[in-house]
Amino acid sequence: MVELSNSELKTLEAVQKLGNRTSVEKISEASQLAHSAIMRSLLKLSEENFIQIHEETQTHVKLTEEGASYSVNGLPERVLIKSLIQLGGKAEIRKAAQHAKLEPKLTPIALGWLRKKRWATIEGKTKLLKASRQPPTGTDEEILKDLAEGASPVIEQLNDDKRKAIMALRNRKLLETRETTSRTVEITPKGKEALEKGVEIIDGISQLTPELIVSRRWREKKIRKFNVTAPGPLIFPGKIHPLRQIIERARRIFLNLGFTEIRGPLVETAFWNFDALFQPQDHPAREMMDTFYLSNPKAGKLPTKDIVKSVAETHENGWTTGSKGWGYKWSMEEAKRLVLRTHTTAETIKYLSKHKEPPIKVFSVDRVYRNEQLTSIHTAEFYQIEGIVVDKGVTLRDLMGTLQTFYSRFRLKKVKFWPCYFPYTEPSAQAMVFVPELNHWMELCGMGMFRPEVLAPMGIEYPVLAWGGGLERIAMLELGLNDIRLLYGNRLDWIRRTPLCQ
Amino acid sequence: MPVINLDRQRFSKYVGKEVTSDEMADWLPWLGFDLEEVGEDKVKVEFNPNRIDFSSYAGVARAFKGLRGWETGLPEYDVKTGETLLNVESAVSEVRPFMLAAVVRGLKLEEDDVIDLMEMQEDLHWGIGRDRKKASIGVHNLDVVEPPFTFTAVEPESVKFVPLDKAEKMSLKEILEKHEKGKGYRHLVDWSPKYPLLEDKHGNVLSMPPIINGELTRVTEKTKALFLDVTGTDYNAVKNSLNVLSTAFAGMGGTIERVLVKYPGSMVESPNLDPQMMHLRTTFANKLLGLSLTDPQVIEFLEKCRLGAKSASRSHIDVLVPPYRIDILHEIDLVEEVAIGYGYYNLKPTLPSSVTIGKQHPAQMKANIARQIMIGFGFTEAMNFTLTNEAWHYTKMRRKPAASVKLANPVSTEYTIMRHDLLPSLMKNLADNKHESFPQKLFEVSDVVWINNQLDTGCQRRLHVAAVSSHPTSNFTEMKSVTEALLANLSLKLWKIGVAKHPSFINGRAANIRLRSETIGMVGEIHPEVLNNFALENPTTAFEIDLEEIA
């Protein structure tokens with residue numbers, strides 16, 4: 001026995017009664033059911049193969065404004081030829097058009113169609129228009145007339161002649177076509193059999209309501225089965241940006257390893273960004289080509305005189321650090337210039353100048369700037385990962401170990417360290433990491449121990465281990481991207497498509 | 001970073017034994033080189049600008065031999081006494097006060113050597129000379145000119161000579177105006193009434209430093225004796241350039257001969273290739289590297305790095321630093337040499353023993369709470385640059401440009417100022433996503449920068465939250481509910497909503513959010529003209545709140 005709801009049964013019975021292919025409107029008349037109820041029932045019945053739904057496209061025709069005006073006055077070529085015949089079958093174009101009271105802009109259209117339809121000839125030199133007789137009404141004119149009288153032809157049901165005429169009129173923009181899909185319904189042998197054998201009617205519940213639950217009336221009814229495999233509409237959750245996921249992962253790793261987060265300004269004086277880090281004032285990295293300088297505001301204030309003086313002397317002659325220094329005249333003005341910080345180390349050194357009791361473990365995953373054109377590998381703004389360890393007796397090997405532990409949490413297990421150079425660290429190294437997906441070694445970050453020329457002016461008495469590198473490189477690896485611009489393009493389809501928990 | 005292209009066979013010649021390119025690729029990184037390309041017979045490497053002595057085959061080979069243990073210790077440079085005299089006249093004291101020189105004999109140059117020489121010269125100009133400002137180099141065929149030489153400064157039109165790569169004589173003024181190098185470097189001299197010139201005994205022009213050499217002294221593979229001139233505005237840079245250059249020629253098999261440089265009132269013998277003495281405490285090296293090396297070990301590793309080293313006392317080792325190692329400023333630099341000689345690959349990672357507890361920055365905590373709430377409302381996070389331009393930030397938003405943080409050297413017209421609120425960024429995101437399905441609900445919790453004269457930098461980084469909702473039925477009520485629910489979940493109680501006028505919002509559909517007496521944000525329906533400006537088709541509502549005022 002088949003289970004159907006009341007309206008499904010009524011629908012099926014109506015389809016059988018109506019016979020052949022029938023429309024939803026007719027089913028509605030016969031069954032007294034609402035359109036929406038019939039649509040729902042039809043869906044279910046067709047899933048059960050009790051009925052078959054046929055879909056057919058129909059092309060309808062409608063006059064445009066221009067077409068409607070011609071349907072009253074006649075096509076311009078008809079208007080012109082009528083006048084010409086009245087003028088004796090021979091006249092100058094200008095005169096014929098005047099006699100026909102044809103709008104000037106329509107005259108060339110009328111002439112074009114007279115020639116195309118071979119209704120008249122034009123004699124070159126004198127521009128004389130000639131015709132022998134009034135041509136019979138064309139198919140296109142008949143169609144215009146029918147439409148004006150309210151006919152609603154369906155193109156698929158017309159003969160070739162008329163179809164061609166309609167296409168021609170559509171090309172002249174005198175009428176428009178519109179497609180509709182009509183559904184007809186037919187009962188299948190399986191449906192007939194079901195009706196013959198009898199159907200169990202269930203008065204099913206489609207939507208459970210508070211009333212049904214509280215009154216417990218749901219017990220008296222059957223809860224209807226849904227097609228749980230049918231596709232639902234697509235929705236997207238609100239979510240965190242994929243790059244933020246990577247930032248948060250880096251932050252969590254630092255926090256788990258016992259690091260404290262620091263955060264500093266985006267605009268810095270050149271003093272903290274460069275000078276405090278023993279980068280000489282004519283160092284190429286300080287040039288306009290690499291660093292963004294500000295035109296408003298232009299210059300900032302320097303820290304206490306003691307700090308400034310010791311930094312200046314360290315640059316000039318090494319001060320008390322035991323270094324030779326860079327051997328040039330240090331400029332206070334240059335140090336006051338404002339820059340968009342090129343690394344988070346600007347904040348690190350400032351923090352260490354105020355926090356001196358070891359152990360200190362600090363980090364930041366934050367925004368920095370480089371004067372770069374936007375390309376597939378460079379952006380002017382990006383995120384830098386930075387980690388710092390200050391303690392009695394920490395060593396270069398401790399730095400290597402800390403860094404290895406950090407990156408292993410990003411599933412980057414194979415790390416090696418090559419010697420490298422940075423103005424503010426010594427010894428220095430760069431960490432190379434093996435990327436299985438790419439099958440090669442990639443440069444991951446720079447690292448080293450702060451130089452005495454950096455430590456002494458700030459009064460830092462213990463070794464400082466530091467490492468820093470771009471976050472985007474890791475993000476691109478994790479997210480499988482090869483163009484950094486995608487990270488900042490905020491393309492919704494990409495954000496929506498990229499799953500959380502990479 | 002500078003690059004050197006090493007041909008395997010030529011490199012082998014310099015090293016003095018056959019090396020494979022695999023061997024080069026394996027070992028060069030342990031000296032601090034970055035591998036660019038490794039081919040069968042070519043290895044292209046980058047080197048750090050502090051090691052400008054790596055700009056020649058001779059320099060790389062010298063270090064390579066040391067690290068492999070094939071030739072260790074301090075390279076000795078025997079500078080022969082010479083008769084060549086150079087007068088530096090007081091006329092140059094304003095425009096280019098310093099000059100040093102050297103003579104090289106006994107070279108057998110090949111065509112490739114001449115090309116390398118040019119590249120090395122460029123590396124030195126960049127690395128030490130700061131694009132020829134502090135120092136610049138000229139290398140001349142000594143046999144076509146006759147000492148004594150004179151470095152002087154002359155009137156721009158008083159002297160004519162044939163510059164390199166030209167066929168005709170040009171005056172110094174014409175060279176600055178017409179010659180490619182003249183146009184490129186004229187700013188180094190054109191402010192001076194007199195231009196620098198290097199001449200021989202007969203008034204033959206060797207060069208017009210730092211612009212161009214004369215065609216007369218062009219160096220070819222037939223050249224047997226060289227005159228090296230280095231001029232500049234910084235004595236150390238001049239000295240360092242000459243040291244790196246002349247030791248490289250010595251490495252190519254040349255004999256270095258002294259030049260007597262006569263300044264008004266003083267005399268210098270040039271070049272001075274004596275090593276410099278420094279001290280290294282083994283305990284200091286061990287403490288930083290986390291090793292327990294003995295003095296003999298430390299000496300061995302320093303020698304592998306081509307330094308001279310011997311035990312001097314119980315407390316330290318005497319280290320002799322060759323003249324081309326201009327990067328060594330401090331004892332700490334010797335520690336890195338020990339590490340390189342020991343081999344970075346031998347350093348086993350360890351972990352610091354101190355125990356600390358991690359702590360988030362309060363601003364990041366606050367930002368993450370705001371993000372969490374916005375995601376709860378079904379909004380998706382956008383991440384935008386803080387750099388923008390006036391058209392996006394003001395004009396499209398129907399606002400007049402206000403005082404903003406401006407770049408002095410923007411790289412493109414798209415990024416010229418820093419944003420002081422987030423909303424324009426989100427509007428641009430909507431414009432970029434027009435073809436995606438709606439509703440579109442975006443938010444950003446991020447940085448903006450305000451002008452603030454109270455602070456040392458005159459600028460203040462502030463944390464904002466902003467959101468937009470764009471769909472056919474987006475309306476004020478929807479966004480106001482979101483805004484107030486956000487405030488409530490940020491533990492605020494006493495905010496006030498008031499009528500506000502703002503050019504980016506529809507008049508009568510905009511409100512400000514006040515906390516105590518401060519306005520901390522706005523909520524409203526975006527003005528249709530703004531929507532048109534961004535070519536948006538759906539009604540859009542938005543809010544922005546400054547999180548700085550919220551604890």
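These numbers come from the heavy atoms of this one structure, side chains and all, not from hydrogens, waters or symmetry mates. Just so we're on the same page: letters track the sequence lines, and every chain starts at 1.
- For B/M365, the CE atom is loosely surrounded, since the number of other residues' heavy atoms within 6.0 Å does not exceed 12.
- Contact tally against chain B (heavy-atom pairs below 4.5 Å) for A/K361, A/Q430, A/Q404, A/R451: the top residue is A/R451.
- Neither the backbone nor the side chain of A/L234 comes within contact range of chain B, judged by heavy atoms closer than 4.5 Å.
- In terms of non-hydrogen atom pairs under 4.5 Å with chain A, the most contact-rich of B/V335, B/L289, B/L455 is B/L289.
- Judged by distance alone, the side chains of B/S437 and A/R496 do bring a donor and an acceptor atom under 3.5 Å apart.
- Counted by atom type alone, A/D398 and B/T350 present one or more donor-acceptor pairs between their side chains at under 3.5 Å.
- Between B/S425 and B/R419, the side chains place a donor N or O and an acceptor N or O closer than 3.5 Å (distance only, hydrogens not considered).
- A donor-acceptor pair is defined here as one N or O able to donate and one able to accept, closer than 3.5 Å; such a pair exists between the side chain of B/E548 and the backbone of B/L463.
- With a 4.5 angstrom heavy-atom cutoff, B/K441 does not touch chain A via any of its atoms.
- Cation-pi contact between B/R51 and B/F54: present, with separation from the ring centre below 6.0 Å and deviation from the ring axis of at most 45°.
- In this structure, chain B has a heavy atom under 4.5 Å from the backbone of A/I262, while its side chain stays farther away.
- If you tally non-hydrogen atom pairs under 4.5 Å between each of B/G378, B/G32, B/P410, B/P29 and chain A, the highest count goes to B/P29.
- Note on B/N236, B/I340, B/L387, B/D234: by heavy-atom pairs under 4.5 Å with chain A, the leading option is B/L387.
- Among residue pairs with one or both ends in residues 318-327 of chain A, none qualify as salt bridge (Lys or Arg N to Asp or Glu O under 4.0 Å); sequence neighbours excluded.
- Using a 4.5 Å cut-off between heavy atoms, B/Y235 does not touch chain A at all.
- Salt bridge present: B/E381 and B/R371 bring a charged side-chain N and a carboxylate O closer than 4.0 Å.
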Q | Verdict with supporting geometry, B/N384 and A/N490, side-chain contact (heavy atoms from CB on, under 4.5 Å) | A | CA-CA 8 Å; B/N384 288 291; A/N490 291 296; 3.0 Å; yes
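- At a 4.5 Å heavy-atom cutoff, the contact between B/Q276 and chain A is made by side-chain atoms alone.
- Only the side chain of A/F236 comes within less than 4.5 Å of a heavy atom in chain B; its backbone stays farther off.
- Residue with the most contacts toward chain B among A/F382, A/W326, A/W272: A/W326 (heavy-atom pairs, distance under 4.5 Å).
- Chain A forms more heavy-atom pairs under 4.5 Å with one residue of B/K134, B/K406, B/K348 than with any other, namely B/K406.
- Judged as a salt bridge (Lys or Arg N to Asp or Glu O under 4.0 Å), and not counting sequence neighbours, the contacts of B/K428 are B/D432.
- Residue A/F271 does not touch chain B at all, counting heavy-atom pairs closer than 4.5 Å.
- Of the two parts of A/N256, neither the backbone nor the side chain holds a non-hydrogen atom closer than 4.5 Å to a non-hydrogen atom of chain B.
- The most heavy-atom pairs under 4.5 Å with chain B, out of A/G300, A/S323, A/P237, A/P297, come from A/S323.
- Heavy atoms closer than 4.5 Å to chain A are found in the side chain of B/N368, but not in its backbone.
- In terms of heavy-atom pairs under 4.5 Å with chain A, the best-connected choice from B/N48, B/L329, B/I375, B/T457 is B/L329.
- In this structure, a donor-acceptor pair under 3.5 Å is absent between the side chains of B/Q364 and A/R251.
- The candidate with the highest count of non-hydrogen atom pairs below 4.5 Å against chain B, out of A/L243, A/T260, A/T402, A/T291, is A/T260.
- Ranked by heavy-atom pairs shorter than 4.5 Å toward chain B, the options A/I235, A/I240, A/L465, A/V394 are led by A/I240.
- Formation of a donor-acceptor pair under 3.5 Å by the A/N296 side chain with backbone atoms of B/A403 is not found in this model.
- Residue contact with chain B, scored on non-hydrogen atoms closer than 4.5 Å, involves the side chain of A/L374 exclusively.
- The residue among B/P362, B/P439, B/S404, B/S353 with the most heavy atom pairs within less than 4.5 Å of chain A is B/S404.
- Considering only heavy-atom pairs separated by less than 4.5 Å from chain B, the leading option among A/G401, A/G325, A/G489, A/G258 is A/G258.
- Only the side chain of B/V449 comes within less than 4.5 Å of a heavy atom of chain A; its backbone N, CA, C and O stay farther away.
- Residue A/E372 touches chain B through its backbone alone, counting heavy-atom pairs closer than 4.5 Å.
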